[in-house]
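Order of the sequence lines sets the chain letters (A, B, ...), proteins ahead of strands, with each chain counted from 1. Values below: all heavy atoms of this structure, side chains included; hydrogens, waters and symmetry mates excluded.
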Amino acid sequence: MSVLLPKTDAAPPPARRRFFDWRAWVVAVTLLVAVGLSILLGARHQAQQAFFGMRLFPLKAAYDFELRGSDAQPVRLDQLHGKVVLFLFGFTHCANVCPTSLTNLAQVYQALRPEERKQIQVIFISVDPGRDNAQTLQEYTTSFDPSFVGLTGTKQAIDQTVQAYGGSYQFVPGSSGAANDYSVDHSAYAYLINRSGMLELLYDNEKLTNIDRMVGDIRAVLREQ
Amino acid sequence: MTSNKHGQPSSPLKDRGHNLSPVICHLSWGSFQQLSYGMPKLLPLSRSFCWVFVLFFASTGLTFAGDQPSIQVERPWMRAVPNAMDVTAVYMTIVNNGATSARLVGGATGLAESVEPMVTTKEGQGLKQVVGMKKVDALEIPPHGKLVLEPNGNHLMVMGLKQHPKEGDQIDFTIKLEPGDQELHLKIPVSKTPVK
């Protein structure tokens with residue numbers, strides 16, 4: 001052992017260095033590939049996440065509701081085929097969330113260029129036909145933007161529409177006990193239907209406050225085929 | 001916090017302004033003598049001058065941290081609504097500079113029948129989530145804290161509107177606070193969008 005030791009000491013270093021160099025290359029190449037892949041995958045992920053709203057997948061045809069317009073004439077969603085439709089549920093005795101959402105949508109609408117506006121329709125659907133008649137609804141919705149449309153209908157038509165979009169609402173009695181003193185808890189999403197009539201994006205009332213991102217989404221949807 | 005005997009005193013002391021009092025009480029006598037910001041040669045401060053200094057800041061501290069809640073209202077506004085509506089909401093930020101908690105219990109205006117504090121409620125998950133509002137007896141304004149009334153959140157609901165002021169109008173509005181049945185009379189703007 002004591003005789004061999006100097007020999008083994010002298011021989012290994014060059015061999016070990018070569019071995020180390022080879023390993024270093026493998027590690028470097030592996031790292032490069034990993035970084036490259038993660039950047040690529042990250043970019044793809046970002047592309048999928050590019051929408052600010054919650055994107056539905058797979059897209060499905062939007063339920064073709066039929067409700068009453070301000071002139072009490074029936075309005076069907078299908079009549080707006082070719083336009084991007086943004087609609088939300090609410091009621092005009094709503095003091096906070098509904099006017100906030102409609103004000104935000106009006107700001108989004110006014111931030112768009114005139115040629116883009118022609119391709120957008122904002123609709124407010126009242127789930128409270130007992131207190132919201134056609135005239136009230138018309139005055140209410142157009143106060144946010146003259147182009148906005150208010151719709152309502154029979155309880156059956158409203159329930160079918162709310163259900164078809166996965167939403168919900170319920171009447172909550174007020175403190176006075178009077179028959180017309182009640183509030184309505186309701187879905188506070190805005191539903192975006194693209195020009196092909198597919199329900200594509202959802203926004204909760206908090207998201208609607210981000211005007212720039214909303215405008216970005218609408219422009220992206222308008223660019224779609 | 002301590003200063004270097006040979007160089008300049010540490011600068012954070014200079015910028016703290018009125019909040020210095022607790023800091024100063026804990027500083028050593030040595031650091032006091034060096035409160036001559038940025039001067040190459042230190043001016044000797046007399047011991048009595050330092051005590052005046054300490055008492056001054058201690059008294060300002062007392063003013064701000066008294067027993068009574070000290071209330072300040074920021075950016076109040078009422079939402080302009082069309083004539084078809086008989087309800088609206090008032091928003092503001094209420095700052096409590098006092099050491100005890102205060103409560104917003106209501107409000108009043110000649111334009112409407114009643115004003116009630118409300119919280120926004122969320123029930124359920126995902127698509128089935130419903131948003132609503134609920135009347136509460138009071139909204140707390142924590143000591144050294146604030147209560148934010150804002151669109152989509154807590155608010156003062158104005159019910160039974162008799163008049164519909166337009167955007168740009170100013171209205172008289174009173175908020176009611178406890179403890180002590182205090183009333184704060186405000187002139188607040190009417191606007192369609194939040195007041196900056």
Side-chain angles (χ1 to χ4, degrees), chain A residues 54 56 88-104 106-107 127 131-133 135-145 150 162-163 165-172 174-176 180-189 191 199 202 204-209 211, chain B residues 77-91 106-107 109 111-137 139 148-161 164-167 190-195:
Chain A
M54 182 167 55
L56 298 178
L88 63 166
F89 298 112
F91 65 114
T92 70
H93 283 66
C94 171
N96 185 35
V97 171
C98 310
T100 302
S101 293
L102 282 166
T103 302
N104 291 329
Q107 286 175 314
V127 294
R131 289 185 296 190
D132 294 341
N133 59 34
Q135 195 197 333
T136 313
L137 258 178
Q138 157 86 354
E139 191 185 337
Y140 179 77
T141 49
T142 54
S143 79
F144 296 97
D145 188 279
V162 171
Q163 252 179 24
Y165 287 95
S168 180
Y169 75 99
Q170 68 200 58
F171 292 90
V172 181
S175 49
S176 76
N180 66 347
D181 177 22
Y182 58 88
S183 180
V184 189
D185 289 1
H186 58 89
S187 298
Y189 289 98
Y191 305 80
L199 175 59
L202 286 181
D204 64 28
N205 57 319
E206 309 282 348
K207 281 200 170 180
L208 292 180
T209 61
I211 310 301
Chain B
W77 63 285
M78 186 176 93
R79 185 184 295 282
V81 292
N83 294 340
M85 280 180 81
D86 66 350
V87 292
T88 185
V90 165
Y91 306 100
T109 171
L111 304 170
E113 278 161 21
S114 60
V115 176
E116 289 179 349
M118 295 270 178
V119 292
T120 297
T121 60
K122 281 182 181 175
E123 273 175 47
Q125 291 294 315
L127 280 182
K128 287 278 173 209
Q129 183 178 73
V130 290
V131 180
M133 54 187 173
K134 203 175 84 184
K135 178 187 185 296
V136 289
D137 293 334
L139 290 166
V148 181
L149 307 180
E150 60 184 348
N152 285 333
N154 298 333
H155 57 282
L156 283 166
M157 184 168 172
V158 180
M159 287 172 288
L161 271 179
H164 292 78
K166 296 283 164 280
E167 171 134 31
V190 178
S191 174
K192 283 186 166 185
T193 52
V195 170

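- A/Tyr189 places a side-chain N or O within donor-acceptor distance of the main-chain N or O of B/Gly126, the cut-off being under 3.5 Å.
- In this structure a side-chain-to-backbone donor-acceptor pair under 3.5 Å is present from A/Glu139 to B/Asn83.
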Under the criterion side chain to side chain contact (heavy atoms under 4.5 Å, CB included), I'd like the reasoning laid out for A/Thr100 against B/Tyr91: C-alpha separation, chi angles, the key distance, then a yes or no. CA-CA 12 Å; A/Thr100 302; B/Tyr91 306 100; 4.1 Å; yes
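- The CD atom of B/Gln129 sits 11.0 Å away from atom CG of A/Asp185, with the distance rounded to the nearest 0.5 Å.
- Contact check for A/Val184 versus B/Val130: no side-chain heavy atoms found under the 4.5 Å cut-off.
- Every residue two or more places apart in sequence or in another chain that forms a ring-ring contact (aromatic ring centres under 6.0 Å, His included) with A/Tyr191 is listed here: A/Phe87, A/Phe89, A/Tyr165.
- For B/Thr88, the part sitting under 4.5 Å from any heavy atom of chain A is the backbone (N, CA, C, O) and nothing else.
- Both the backbone and the side chain of A/Thr136 come within contact range of chain B, each with at least one heavy atom under 4.5 Å from a heavy atom of that chain.
- Formation of a donor-acceptor pair under 3.5 Å by the B/Lys128 side chain with backbone atoms of A/Ser187 is not found in this model.
- Taken to the nearest 0.5 Å, the CD atom of A/Gln107 stands 11.0 Å off from the NZ atom of B/Lys192.
- Taking A/Thr92, A/Asn205, A/Leu208 one by one and counting their heavy-atom pairs under 4.5 Å with chain B, the maximum is reached by A/Asn205.
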Test log, rule side chain to side chain contact (heavy atoms under 4.5 Å, CB included), inputs B/Asn152 and A/Thr209: CA-CA 9 Å; B/Asn152 285 333; A/Thr209 61; 3.7 Å; yes
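- Formation of a donor-acceptor pair under 3.5 Å by the A/Asn96 side chain with backbone atoms of B/Gly153 is found in this model.
- In this structure, SG on A/Cys94 lies 8.0 Å from CE on B/Met157, to the nearest 0.5 angstrom.
- Under a cut-off of 6.0 angstrom, the local environment of CD in B/Glu123 is sparse, with at most 12 non-hydrogen atoms contributed by other residues, nucleotides or ligands.
- Separation of atoms CZ (A/Arg131) and CG (B/Asp86) is listed at 8.0 Å; rounding is to 0.5 Å.
- Contact of the B/Met133 side chain with the A/Val97 side chain is not registered, since no non-hydrogen atoms from C-beta on lie closer than 4.5 Å.
- For B/Lys122, the part lying near chain A is the side chain, with the backbone staying farther off; criterion is any non-hydrogen pair under 4.5 Å.
- With sequence neighbours left out, A/Asp181 forms a side chain to side chain donor-acceptor pair (under 3.5 Å) with A/Ser176.
- Considering CE of B/Met85 and CG of A/Asp132, their distance stands at 9.5 Å, rounded to 0.5 Å.
- A/Ser143 OG to B/His164 NE2: the interatomic distance, rounded to the nearest 0.5 Å, is 10.5 Å.
- Neither the backbone nor the side chain of A/Gln135 comes within less than 4.5 Å of any heavy atom in chain B.
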